[in-house]
Each structure stands twice: as structure tokens, then as C-alpha cells.
Amino acid sequence: MLLPCLSLSALLLLLFPAALEAQFPRVCTTPEALETRTCCPDWQGSRCGYRAGRGLCATYSLMSNAYIDYREDWPHAFYDSACRCNINFDGFDCSQCKPGFKGPHCNEIHSVVRKEITSLTAEEKSRFFTALEKAKRTNSEKYVILESNDTSIEGNYEFKNATVYDHYIWLHYYAAKPYRNSTRNAAHQGPAFPFWHRVFLLFIEREIRELTDDDSFFIPYWDWTKTNHCNICTNDYFGVSDEHGHIHNDSLFSEWKTMCTYDNDTLGKICISPTKTPLHPIIRNPGKDIATKLLPTVCDVRYTLAAEKFDTPPYDGGAKCSFRNRLEGF
Ligand SMILES: *[C@@H]1O[C@H](CO)[C@@H](O)[C@H](O)[C@H]1NC(C)=O
Ligand SMILES: *[C@@H]1O[C@H](CO)[C@@H](O)[C@H](O)[C@H]1NC(C)=O
Ligand SMILES: *[C@@H]1O[C@H](CO)[C@@H](O)[C@H](O)[C@H]1NC(C)=O
Ligand SMILES: *[C@@H]1O[C@H](CO)[C@@H](O)[C@H](O)[C@H]1NC(C)=O
Ligand SMILES: *[C@@H]1O[C@H](CO)[C@@H](O)[C@H](O)[C@H]1NC(C)=O
């Protein structure tokens, strides 16, 4: 796994300058922070924990002058300066440890093994779902979300509160919605796909660890090849859904509501305010999507792993012989 790891750091440097990672820390959305275009919060009395050797407030140079969508060229549409954390430190203020490290100096190895979801003990399973439920209900103190009906119009956005889990959903929206006048987006159908999603998982695991005070929390994986049906579409996992995709009342997910309305235009709409539109229950239709009726088979997995090149031109959903494109399912 040496190669993917190397590419990971290289790509992260390119895609996520500093630890800001295209999020909006609440402390950086004050009028003062936006006015001074600076997102360098204090940690233990100095910006970005500078005095403790954690990081420094760095200026980011502009990659291109004419932005057409303010999600591009992060963080430039909002900030000129943001924290750049030293090795092992992480977070918008360098207060956190990089994934894989812990301790007051972030120099102790922190290793957690992600287990297969149906192999969790009853206690682990209960802890997992209780943690998700808590994340879905608890307002995020650290982050806010940005809503916009058109991200190509300067200043056309509002910051809103969201729960810890909904912030996580929003991060995916922010990176998955196409840029204006484009079919491309930041996290899919391109080389960033595996790396972006790894960082995404690491991020939510860390948020939930903090929220639940459980350092060993992890998101399990699902080995769908164990059975020939959806063995987690049951009420003690993710819920049985009816023909309309509504989740059975016995599942805790029947109470879950979506935070952003679904829309499929390409105008760079990020999230339409939940206060302006009624909240909808989540819909799950496993196996009913016309385009992706079936889960990949073991044979598909082998075929994907057999690709020799990580990615190939034109580095999109049409790339041939590309590990990344096969992994994404195109
Ligand atoms: C987008 O939001 C702005 C500001 O709230 C509003 O003036 C405009 O009409 C909206 N445009 C669309 C297409 O909904
Ligand atoms: C948003 O969350 C913050 C922090 O919890 C809280 O102080 C504020 O009142 C909330 N704002 C709204 C509009 O709910
Ligand atoms: C986006 O496309 C619309 C319609 O095709 C066009 O009017 C507009 O000028 C384009 N905007 C940009 C920024 O390219
Ligand atoms: C779920 O509960 C609602 C009201 O609480 C009820 O109208 C509905 O019929 C129930 N659905 C099922 C599948 O039991
Ligand atoms: C979204 O796309 C689907 C399928 O392409 C289409 O049927 C539907 O009308 C679209 N919805 C909106 C709001 O444009």
C-alpha cells in the first residue's frame, strides 16, 4: 500500500491546502474573520497553536484569478490565510492529531481496526448505532454549513447550523455537486475519488470519537459478498424499506430526515435551506436503481484489483483500464 499512501499525501497537498479541507469552522464565519479573510483560530493562546509548535497561519497564493464557482481554488474565495499544521497535527486550528496519532503531543500511534459490520459483537453494534444517532441529533459546535442556490454568484450564500452527522452529509454535497456549467465535481469521476473518500471517513470518525468520548469508534465496512441479498437491510441494521423506499417504523432510521433537498441541475446549488422546505424522511431503495441494480460481484472486485494503472486519461468516468474508474463503478 506504499504507492497509494504516497499519492495520498501528494494529492492532499494539492486538494486540501492546510487542514481546512473545505469546511467552515464556526469561528471563521464571524464578520471579522470574513472581513480579514483569515481563518487562523487561537489554540492555547496563539494562532494555530504556534507557540506550542503545532502550526502557523499561512498565506495561500491564488491559483487562478477568475473563479466561476467559489468552491474552486479553496480557500481563496473566502480566506487568504489559514492554519498550516506541522507534522502529526491537524484540524482548522491545529488542535487535533492527524489520523493515526494520539496523545498530548500527537506522537503516540493510534490504531483502530475497522471490522465488518455483521461481525460486530452485540455491544459494538449497539455502540455504533447509538453513536450515529447521537451525531444525527447533536448540533455541531465546531462547524457550520454553507447554503447557496448558485455558487457562481459572489456572496450568494448563508451559513447555517447543522448537526454533526448532517455536516458530514453536507461535506459530500459540497464536493459532489457539479461546478456551474460543468459535469465535473471535486470528489467523483476523477483521480481524487479514493483519497477524498478516505479523508471523509477519517474526518467523521474523528468527529464522532470526540462527540462520544470514545477513542476506539470506527465506521465498519460491509462485505456484501457474504450473502446474495442485502443482509444489512434489516431493522437491526439500516432498516427494511417498503416499495416507496420508506423505512420501517421499527428502524431508528425511520425517524431520520434529510437536510438538503435533492436536485439535479448543474447550477452549483449546494443545499436548499431545511427551514425553507419541509424536511423529508430518508428514502432507501436498495437494488431498485435502474442504473445500478446489482452490487458488484467477487469477479468485479478481482477485475478492479487487476487494473495495472491507478488512473488513465482522460481521468474521468470514461477512463479505460483505470483502477480508480473501475472502483467507482463506471
Ligand atoms: C437565489 O437566492 C437569492 C438570494 O436569496 C435570490 O435573490 C434568488 O432569487 C435565488 N435564485 C434562485 C434561482 O432561486
Ligand atoms: C447555532 O448554533 C450555535 C452553537 O450551538 C448557537 O449558539 C446558535 O444559537 C445556533 N443558531 C441557531 C439559529 O439555531
Ligand atoms: C453557463 O451557461 C449558461 C447557459 O449555457 C451561459 O449563459 C453562461 O454564460 C455560462 N456561464 C459561465 C460562467 O460560463
Ligand atoms: C408508521 O407510523 C406511522 C405513524 O406513526 C403510520 O402512519 C404508518 O402506517 C406506520 N408505518 C408502518 C409501516 O408501520
Ligand atoms: C432529475 O433527473 C431525473 C432523471 O434524469 C428527471 O426525471 C427529473 O425530472 C429531474 N428533476 C429535476 C427537478 O430536474
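Atoms within each ligand, like the ligands themselves, are counted from 1 in listed order.
In terms of protein heavy atoms, atom 4 (C) of ligand 2 is closest to Glu141 OE1, 3.5 Å.
For the residue pair Lys320 / Thr312, no side-chain donor-acceptor distance below 3.5 Å is found, with atom types taken as modelled. For the 3.5 Å distance criterion, the side chains of Lys102 and Ser111 fail to qualify, holding no donor opposite an acceptor.
Open room surrounds OH on Tyr50; 12 or fewer heavy atoms of other groups in view lie less than 6.0 Å from it.
Salt bridge annotation for Asp93-Arg54: absent, with no cationic side-chain nitrogen under 4.0 angstrom from a carboxylate oxygen.
At least one heavy atom of Arg26 sits less than 4.0 Å from an atom of ligand 2.
Under a 4.0 Å criterion applied to the non-hydrogen atoms of Asn161, ligand 2 contributes the atoms 1 (C), 2 (O), 3 (C), 8 (C), 10 (C), 11 (N), 12 (C), 14 (O).
For atom 9 (O) of ligand 2, no protein heavy-atom neighbour is present inside the 4.0 Å cut-off.
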